[in-house]
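Chain A is the first sequence line, chain B the second, and so forth, proteins listed ahead of strands; every chain is numbered from 1.
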Amino acid sequence: MSAGITVGVVANPASGRDIRRLVAGASVFDNAEKGNMVRRLMTGLGAAGVDRVLMMPAGDGIAESLTRNLRGRTGALREQPLPELEFVAMPVRNDAGDTVRAVAEMRERDVAAIAVLGGDGTHRLVARHCADVPLCALSTGTNNAFPEMREATVAGLATGLVATGQVERREALRREKVLRVGVNGAARYDCALIDVAVTRERWTGARALWHAGEISEVFVSFARPNAVGLSSIAGLLDPISRSESCGMHLRLTAPEEADAVLRVPLAPGLIVPVGVEEARRMYPGEAFPVEADGCTLALDGEREIELGPGDRAEVRLEVDGPLTIDVDAVMELAARRGLLNGM
Amino acid sequence: MTTVDTARLREPSKEELLESYRVMRTIREFEDRLHVEFATGEIPGFVHLYAGEEAIAAGVCAHLNEDDYIASTHRGHGHCIAKGCDVKAMMKEIYGKKDGLCHGKGGSMHIADLDKGMLGANGIVGGGPPLVCGVGLSAKVRGTKQVGVAFTGDGGSNQGTFLESLNLAAVWNLPCVFVVENNGYAESTSTNFSTRGIDIAKRADGFGMPGVVVDGHDFFAVYEAAGEAIRRAREGGGPSLIECKVNRYYGHFEGDAQTYRAPNEVENIRRERDCLDMFARRVTDAGLIERSELEQIDEEVRALIDEAVEEAKAAPEPGQADLLSDVYVSY
């Protein structure tokens with residue numbers, strides 16, 4: 001294997017196609033476009049001097065779209081330096097385990113960063129397993145709070161500048177918060193990056209959460225008023241930035257019984273009234289027990305954990321989440337220092 | 001304020017859950033038994049088994065009324081059972097017997113029961129979607145609130161009939177739902193070789209209808225997505241497409257050597273993603289249903305399938321006189 005700088009790429013073939021297309025008016029983010037995004041990302045990585053891309057071998061058209069795109073380069077596009085593309089040698093099972101196995105291999109191979117193309121759920125999964133490998137978080141959906149919707153070419157440049165050390169990690173990375181979910185004594189059973197919701201729906205069903213009336217509690221790590229999804233409830237009530245060392249816990253109730261009612265963009269194309277009964281800040285380490293039977297916990301907007309009789313869950317905010325690349329900050333520094341000047 | 005209906009779909013009651021389990025178990029037993037019996041050479045024609053995909057038929061048909069319609073595929077036994085067709089008459093049909101559901105003239109691939117809204121299994125890949133457009137148009141013109149559901153495979157989704165049906169259903173705003181059972185292979189051709197990186201669900205966007213992907217092994221995922229799609233169709237909201245990612249346990253047809261599949265592919269899915277196992281674990285963990293209640297259903301279903309096979313084997317063959325009945329032309 002040649003030496004040099006390697007960046008990992010995880011592109012989730014399952015993101016951007018859940019039931020919100022049916023009930024809320026979102027559209028499918030197709031896998032061919034994810035493949036195209038990876039090619040554009042590679043252009044940025046190559047321009048910044050990254051030697052190799054180590055990619056999760058996802059099925060469902062992403063790799064096919066990427067290789068077709070690479071093969072089809074002509075003219076000026078062909079002249080651009082691109083990193084070598086290598087797929088992680090692993091069996092593809094088309095489930096979340098693929099991502100876990102791919103990230104483990106990327107860590108083993110000392111990748112300088114991992115670019116993640118997916119929704120909040122994909123990022124949550126990578127964040128659980130990537131330790132301190134910095135993430136470039138790219139959204140491939142319409143309902144995301146954690147990854148950003150931005151042009152992959154520029155994200156590739158910024159990631160490449162960090163991976164090659166042209167911009168130092170301390171200038172480029174931010175430490176994210178995380179909501180740790182404990183179940184029946186396992187304190188690190190699972191986690192969420194933005195929000196945990198307790199819903200009275202008994203089954204994880206089609207995963208996505210959009211029935212506001214069934215949600216009894218919400219925990220958020222940060223809350224922007226311009227977000228779409230659950231965290232926008234807290235965002236509209238009392239915004240919390242990504243860097244503040246606190247989160248928020250909300251108890252919800254029926255709008256007609258609540259003192260405070262907010263019109264919340266819960267999903268793309270879906271604005272619903274939400275009644276807030278109580279809101280208070282969460283501080284790192286403080287445990288919030290969830291008392292519920294016959295309910296599910298939704299992590300970053302997707303129902304994930306079914307709680308039956310006798311199950312006990314708790315949620316706590318921690319400030320030791322994943323490291324992410326601040327693309328805006330990196331590009332600012334690149335401009336100020338002339339890192340991209342010249343041919 | 002948006003006009004989107006956020007009223008929650010009712011969760012299935014205990015009785016409904018037990019019924020859905022019975023449907024899935026019946027399909028599994030039916031297909032597992034046919035897998036064994038077909039090898040004896042007693043069954044004429046071809047059979048294409050639905051084992052592994054039960055959660056889709058059960059999760060979709062749980063929302064359909066008797067006067068709603070479904071159009072099936074060559075892999076149609078599961079759809080038949082889930083839509084309420086008589087299991088013993090189905091078995092006789094597959095054995096080609098006179099008392100079969102279609103008097104022994106349809107067999108596995110043309111089994112139908114119009115009284116149950118089952119428009120038929122279909123030897124023509126992609127043949128079902130145009131039928132439900134017809135059903136949908138009829139229901140819309142007559143204002144009956146009936147819904148038509150077409151099951152198609154990933155291979156069928158590449159047929160012109162499928163794509164034309166999406167277009168027709170969209171432009172006429174028909175009460176139709178297109179369910180694509182993407183089991184990864186069109187016969188022996190992997191979906192990755194037969195589509196160029198375009199999701200089947202994404203095709204819905206191109207025709208102006210919503211498309212959604214669910215895990216076809218997960219009854220509750222299919223149930224919820226199908227419930228929303230069928231409600232939308234019934235209330236005049238128009239058609240939609242559900243792509244269910246799933247695995248079939250047996251070959252394309254019985255006798256298929258399946259050299260195109262990865263080693264242990266099926267074993268892994270059976271162990272980790274079996275729809276019946278997952279369903280049983282979840283409803284018992286939730287404290288809703290006792291394990292013994294499920295075992296009782298298992299026993300009853302086993303007995304039913306035993307009887308169905310026994311009776312089918314003993315049933316009379318069609319005679320010469322039957323050659324000229326049930327045909328459009330008088331000779």
Side-chain angles (χ1 to χ4, degrees), chain A residues 13-14 16-36 59-66 68-69 91-95 97 200-208 210-214 263 265-267 269-273 293-294 306-311, chain B residues 1-2 4-9 11-12 182 184 190-193 195-205 209-215 218-229 231-232 237 240-243 245 247 262-265 268-269 272-273 282-288:
Chain A
R17 57 218 47 239
D18 65 44
I19 194 167
R20 283 168 286 203
R21 278 79 205 153
L22 193 55
V23 297
S27 56
V28 173
F29 197 106
D30 79 276
N31 283 337
E33 174 55 12
K34 290 176 199 164
N36 295 342
D60 286 345
I62 296 182
E64 290 83 353
S65 157
L66 174 59
R68 188 168 68 251
N69 197 316
V92 176
R93 303 270 289 275
N94 293 315
D95 58 21
R200 283 180 284 265
E201 293 176 85
R202 187 184 286 274
W203 312 109
T204 54
R207 303 276 166 176
W210 79 97
H211 296 303
E214 303 301 330
R263 275 171 294 164
L266 203 60
L270 185 67
I271 297 178
V272 291
D293 171 13
E306 291 168 357
L307 294 176
D311 287 330
Chain B
M1 197 66 57
T2 173
V4 171
D5 178 14
T6 61
R8 183 179 164 197
L9 197 69
E11 279 179 359
N182 182 352
S190 162
T191 315
N192 288 335
F193 290 102
T195 58
R196 262 297 184 205
I198 302 294
D199 298 295
I200 296 167
K202 179 70 181 170
R203 294 175 180 180
D205 275 350
M209 69 173 76
V212 50
V213 179
V214 294
D215 178 353
D218 181 346
F219 169 83
F220 296 100
V222 176
Y223 181 88
E224 188 172 352
E228 293 294 349
R231 172 161 74 177
R232 177 189 168 90
S240 47
L241 187 161
I242 302 171
E243 180 185 356
K245 305 271 194 190
N247 289 69
N264 301 326
E265 182 179 310
N268 289 334
I269 294 291
E272 293 165 20
R273 308 286 306 153
R282 289 166 73 180
V283 296
T284 50
D285 282 357
L288 276 183

K.L.:
Can you tell which part of B:V222 gets under 4.5 Å to a heavy atom of chain A, answering side chain, backbone, both or neither?
P.N.:
neither

K.L.:
Between B:D285, B:I269, B:V212, which residue shows the highest count of heavy-atom pairs closer than 4.5 Å to chain A?
P.N.:
B:V212

K.L.:
Top residue by heavy-atom pair count (under 4.5 Å) with chain A, among B:A204, B:A221, B:G211?
P.N.:
B:A221

K.L.:
Between the side chain of A:R202 and the main-chain N/O of A:D293, is any donor-acceptor distance below 3.5 Å?
P.N.:
no

K.L.:
Below 4.5 Å, heavy atoms only, C-beta onward: do A:I19 and A:W210 meet side chain to side chain?
P.N.:
yes

K.L.:
Side chain from CB out, backbone as N, CA, C, O: work out which of these in B:E243 comes under 4.5 Å of a heavy atom of chain A, or both, or neither.
P.N.:
neither

K.L.:
For B:A226, enumerate each residue passing the side chain to side chain contact (heavy atoms under 4.5 Å, CB included) test, keeping only those at least two apart in sequence or located in another chain.
P.N.:
B:V60, B:H63, B:I230, B:I242

K.L.:
Taking only residues two or more places apart in sequence, or in another chain, which ones meet B:R232 in a side chain to side chain contact (heavy atoms under 4.5 Å, CB included)?
P.N.:
A:L22, B:P210, B:S240

